[in-house]
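This is a predicted model, so every value here is computed, not measured.
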Number of protein chains: 2
Amino acid sequence: MDTLETRELRYFVTVAEELHFSRAAKRLGMAQPPLSRAIRQLERRLGVTLLERNRSGVMLTGAGHVLLGEARGILDAAAAATRRTRRAASSTNRLTLATKAGANHELLRKLLDAHAAEPGAAEIEVLLCGMGDQARMLRDGRADVALMQRPFDALAGFDTEDLHTEQQVAVLPAVHPLAARTSLTMADISDVPDLPVARWPRQDGTYEPGPGPEIHDQSQLAQLIALGHTVAVICASSRAWLWSAHAAIPLTDAPHVTTVLAWPSQSRSQAVASLVRTASQL
Amino acid sequence: MDTLETRELRYFVTVAEELHFSRAAKRLGMAQPPLSRAIRQLERRLGVTLLERNRSGVMLTGAGHVLLGEARGILDAAAAATRRTRRAASSTNRLTLATKAGANHELLRKLLDAHAAEPGAAEIEVLLCGMGDQARMLRDGRADVALMQRPFDALAGFDTEDLHTEQQVAVLPAVHPLAARTSLTMADISDVPDLPVARWPRQDGTYEPGPGPEIHDQSQLAQLIALGHTVAVICASSRAWLWSAHAAIPLTDAPHVTTVLAWPSQSRSQAVASLVRTASQL
DNA sequence: CGCGGTGATACCCGGCGGGTATGACAGCGC
DNA sequence: GCGCTGTCATACCCGCCGGGTATCACCGCG
């Protein structure tokens, strides 16, 4: 009566993304007529029109927009479910931990050491990923736990354990006048016209407009700072990767950053639980 | 290749719950052989054994346990998706707000009034539910937004906006010696042998063991306190429903309670967004 | 050693998901 | 105006797979 099949959702999402039945059918590796029929069936079962078909084009209705979001979530969850199930079967005593490359050296080292000291500890595979990929890894089942940072990372849907809170610092070229200060405020560094703040890409790969250079990794950033082209705000523990041409000055009014251990809220495997227990005693 | 169909998940969940193919088939309204076959197919596609069939009985494997949790989530999400889609279609400018019956009178009244004053405000239907049902309502698409309380309610997976923080108070029989005090601590009330703290049911309807009476609604609780059989800890704004035979004494060391407006993290319908905006200006 | 009860196997059938061919209709260039 | 092109919908056919029935293999048990 009203049970959405993932196949239908897959079809609907593709059509909604393409806004074009023939192209969507092609992407799905099928012919257009059965796809049209499947969507019609879905609409009839829901009793809702999801797509507005007028001449030359297809538009999403409001309800269609809602279903698109829901369907994406469900499909992601389904893909995650197969991964998690397979991993649970293949390796009973093994965990994958996702962390931002180049951050939390210190903390991660301590966590891994403490965990390894536990009797019967699970083997931990560390998965380095860039800029907020941890959430995706965790959500889609490629990782079991992740090191993430509040308030930067989206923690919705995860359970977390706070590990460590620290200040943020401004990273400047060592030769810059501000580098001589012992502390700075956010206003100090946002007001400097010759040092525009660097811009990281958003989820979709685009950049928000602004004067600063567009960057996508840490080494780029480090170089640009050393060249005197930009300034960055990072958390104190990331000073590890700084160069001698850099100066790190504490920021008095930047929000504190808390590194947390995060895991999917339901998944209470005993391996995860044990790691969390270890972490909470650090 | 590796796309879980919700039908399969439904089958698997039922079998995992019954741990019995014939009974599961009956519950699903089908015969046992096709069910067995469906599960086998699922196992083959995943390349994982989910159920241990030995003589006289079926047991879940570790992987099966993982999949059970995932599958439940996916099925819930699918059911929620149909509800949300249907509601989005039937009523473009209408919201359902879930709240705990008997709590937040004051705040809810203010929120509704402020919202009604907005031009083009959505019509709001208030859905009263008991003890932490709001999370379920929100999750399964029966409600669009909910008033919930930190740290009591499970907020994982929701976006929230803090509305109001308040102290908790102990509610005692007015005639009890402690009722004469101007403030109390948690230790004060947990140490009183003649007034064991009442116990609310957990999610699954069971009670954790303890001396206090088992209750399941507020009027019960009120009566038991008035009779001098128990003591309760509630947040200050709930004093509205107290009787004259009750005394409410501030607790100095109980955690503060924050009432929040919560909504599913992805669902950013403009009606919800508008209500959140209104709420944030209260 | 039958007997009841488990899940697994064998086999059949109907419906439905998929394909091809075609239609209805709008926009557009001539 | 008239094709031409490209859109989605309709009509029709077919093979597969999901579901049913009958039965088997196995185990515990009196």
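- Rounded to a whole Å, the CD atom of B:Glu8 is 10 Å from the P atom of D:dG19.
- Judged purely by atom type and a 3.5 angstrom limit, B:Thr61 uses its side chain to pair as donor or acceptor with the backbone of B:Thr49.
- One N or O on the side chain of B:Arg86 and one on the backbone of A:Leu46 form a donor-acceptor pair closer than 3.5 Å.
- Look at CG on A:Leu50: it is 16 Å from C1' on D:dC8, rounded to the nearest Å.
- Atom pair B:Phe12:CZ and C:dG7:P shows a separation of 15 Å (rounding to whole Å applied).
- Regarding B:His20, its NE2 atom lies at a distance of 12 Å from the C1' atom of C:dG4, rounded to whole Å.
- With D:dG19, C:dG7, D:dT7 as the candidates, the nucleotide lying closest to the side chain of B:Val58 is C:dG7.
- Comparing C:dA10, C:dA21, D:dT7 against the side chain of A:Pro33 picks out C:dA21 as the nearest.
- In this model, the phosphate group of D:dA9 is approached by a side-chain N or O of A:Ser36 to a distance below 4.0 Å at OP1 or OP2.
- At a threshold of 4.0 angstrom between heavy atoms, the contacts of B:Arg37 include nucleobase atoms, whether or not backbone atoms are also involved.
- A distance-only check finds no donor-acceptor pair linking the side chain of B:Glu8 to the backbone of B:Ala38 [under 3.5 Å].
- In the set D:dC8, D:dG19, C:dA10, the nucleotide with an atom closest to the side chain of A:Phe21 is D:dC8.
- To the nearest angstrom, P of D:dC8 lies 11 Å from CD of A:Glu18.
- Look at B:Arg53 and you won't find any side-chain N or O under 4.0 angstrom from OP1 or OP2 of C:dT6.
- Atom-to-atom, CG of A:Leu35 to P of D:dA9 comes out at 9 Å; the value is rounded to the nearest Å.
- DNA chain C is contacted by both A:Ala31 and B:Ser22; B:Ser22 maps to the nucleotide lying nearer its 5′ end (nearest heavy atom per residue).
- Counting non-hydrogen atoms of neighbouring residues, nucleotides and ligands closer than 6.0 angstrom, the NE2 atom of A:His20 exceeds 12 such neighbours.
- When heavy atoms are screened at a 4.0 angstrom cut-off, A:Gln41 is found touching the sugar-phosphate backbone but no base atom.
- With hydrogens and angles disregarded, no donor-acceptor distance shorter than 3.5 Å links the side chain of A:His115 to the backbone of A:Ser274.
- With DNA chain C read from its 5' end, the first of the two nearest nucleotides for A:Arg7 and B:Arg23 is the one closest to B:Arg23.
- Residue A:Gln32 contributes atom CD, which lies 14 Å from atom P of C:dA21 at whole-angstrom precision.
- Atom pair B:Arg40:CZ and D:dG19:C1' shows a separation of 18 Å (rounding to whole Å applied).
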